[in-house]
Number of protein chains: 2
Amino acid sequence: MIPRMTTKEIILEVAGDLFMDKGFQATSTREIAMKAGITQPNLYHHFKTKEDIYIAVLEKLSLEVREELNHLVTSTENGSLVERLQGILDYLKEKHPVNFFIMSHDMTHEISSDNHQHLYKIWQEAYLAPIIRLFDEYLSEDFPLSSNDLARYYYATIAPFIQKESGFYKQITSEQIIYLFVYGILDREN
Amino acid sequence: MIPRMTTKEIILEVAGDLFMDKGFQATSTREIAMKAGITQPNLYHHFKTKEDIYIAVLEKLSLEVREELNHLVTSTENGSLVERLQGILDYLKEKHPVNFFIMSHDMTHEISSDNHQHLYKIWQEAYLAPIIRLFDEYLSEDFPLSSNDLARYYYATIAPFIQKESGFYKQITSEQIIYLFVYGILDREN
DNA sequence: GTCTATACCCAGATAGAC
DNA sequence: GTCTATCTGGGTATAGAC
């Protein structure tokens, strides 16, 4: 099957890989154009600015992540928390190995404030909301943290594992990360 | 007491704040010079390149962190693991609120390979080694992860909390982070 | 819709006077 | 040791021909 993609789609795909791996600043329009097989000024026929490319990339990514995470959460209702969290982790690593902290940094520091609100909102809906719903199923009333905070904590712990060639987690498997996250490193003293 | 610092010391202090907050790329030599109260070319009297400034900053930071973390670990031998981990977290946030993932990214992607090995080594000695020694005291023989991996996992979980104005962890306190890290979110099924 | 040519800016770094 | 002036290169973005 021949992939008959439009130039605009190719740009989004190439730019997505670069932005999510290296970040907004470190990705040049020249590099995007080169990898897309076009000239650099041609980008500006399809998008008004570099920031507009970034926004389109994040919108497309968020849409996909939102749908898949929602599907994963609802379709595994009978599974254990450990299994479900690991399923999410494996999906993200496999399909969208983004550099989470660069993404977070870009959204708050590299993007104009006009677009910031919009991006933050769709990011929340895609990444945070499904995890929050998941935790709501398991946590007792008196748990000291909100599901929102816990979802953020979850992403912090898995972030180095998800991103490409991080090397930060050396030998850790996704099973081990989730086990640590859920049960910690010591038994509670009851 | 009047702080009688040399120009070189001022440069290192100013550059350290900027590099550890915004990263290598996003920090310009013009900004360093301006905040240090000198002209930009004057930087090049004291350091050969921008990268050399970065290296000097990380060497100084690592020395300080290494000594303080080693001191914290050895001087609290009678404390609980939770107390000791929290002491380390509070020290890092208070004294060296670095952006951990930017630092890690810079060391591996922005610095020439000649200096990379050197930086990674002193970073390990300063940040990783003391935590590894600490975990060695507590973990049973059959624990599935190495203390090295666990130390890295520790830094991943605390990283968003340490850095300035992250906003990623919204309401979480240092106590809660450490509690989550040590005991997880659910009881083990024994 | 894609190209060549180029404007414009900001970065790191150097030359040389004082 | 610090300055002014400047070089060189890379970045984003625009003009205009085809």
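In what follows, chains carry the letters A, B, and so on, assigned in the order in which the sequence lines appear, proteins first and then strands, with residues in each chain numbered from 1. All values below were derived from every heavy atom in this structure, side-chain atoms included, with hydrogens, water molecules and symmetry-related copies excluded.
Counting non-hydrogen atoms of other residues, nucleotides and ligands closer than 6.0 Å to CD of A/E59 gives a total above 12.
Look at CG on B/L43: it is 13 Å from C1' on C/dA11, rounded to the nearest Å. The distance between atom CE of A/M34 and atom C1' of C/dT2, rounded to the nearest whole Å, is 18 Å. In this structure, CZ of B/F47 is placed 14 Å from C1' of D/dG1, rounded to the nearest angstrom. The distance between atom CD of B/Q40 and atom C1' of C/dG12, rounded to the nearest whole Å, is 7 Å. The distance between atom CD of B/Q25 and atom P of C/dC10, rounded to the nearest whole Å, is 17 Å. Protein atom CE of A/M5 is 16 Å distant from nucleotide atom P of C/dG1, rounded to whole Å. Distance A/E110 CD to D/dT12 C1': 14 Å, rounded to the nearest Å. Distance, B/K48 NZ to C/dT14 P: 8 Å, rounded to whole Å.
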>> As a quick check of understanding, evaluate ring pair (Phe, Tyr, Trp, His ring centres under 6.0 Å) for B/F135 and B/F143, giving each step before the final call.
In response: CA-CA 11 Å; B/F135 285 140; B/F143 194 78; 8.8 Å; no

>> Determine whether A/F168 and B/Y155 satisfy the following criterion, ring pair (Phe, Tyr, Trp, His ring centres under 6.0 Å), listing intermediate values before the conclusion.
In response: CA-CA 10 Å; A/F168 187 77; B/Y155 279 113; 7.7 Å; no

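Remark: A/E31 engages A/K22, A/K35 in a salt bridge (Lys or Arg N to Asp or Glu O under 4.0 Å) (not counting sequence neighbours).
Within 4.0 Å (heavy atoms only), B/I38 reaches sugar-phosphate atoms of the nucleic acid but no base atom. Within 4.0 Å of A/T39, counting heavy atoms only, lies at least one base atom of the nucleic acid. Within the nucleic acid shown, B/T27 comes within 4.0 Å of sugar-phosphate atoms alone, with no base atom in reach, counting heavy atoms only.
Residues B/F19 and B/M103 form no side-chain contact, since every pair of their non-hydrogen atoms from C-beta on lies 4.5 Å or further apart.
When the nucleotides C/dC3, D/dT12, C/dA13 are ranked by their closest atom to the side chain of A/S28, D/dT12 comes out on top.
A/Y138 places no side-chain N or O within donor-acceptor distance of the main-chain N or O of B/I185, the cut-off being under 3.5 Å.
Over its full length, the helix from C/dG1-D/dC18 to C/dC18-D/dG1 turns its helical axis through 10°, comparing axes from the five pairs at each end and rounding to 10°.
For the pair B/H45 and C/dT14, the criterion of a side-chain N or O lying under 4.0 Å from OP1 or OP2 is not met. Between D/dT2 and B/T7, a contact under 4.0 Å exists linking OP1 or OP2 to a side-chain N or O. When the side-chain nitrogen and oxygen atoms of B/N42 are compared with OP1 and OP2 of D/dC3, one or more of them lie within a distance under 4.0 Å. Residue B/Y44 places at least one side-chain N or O under 4.0 Å from the OP1 or OP2 atom of C/dA13.
In the interface, the side chain of A/R30 is paired with the base of D/dG11 through a donor and an acceptor atom under 3.5 Å apart.
The only member of B/N70, B/I88, B/L72 that meets side-chain contact (heavy atoms from CB on, under 4.5 Å) when paired with B/P130 is B/N70.
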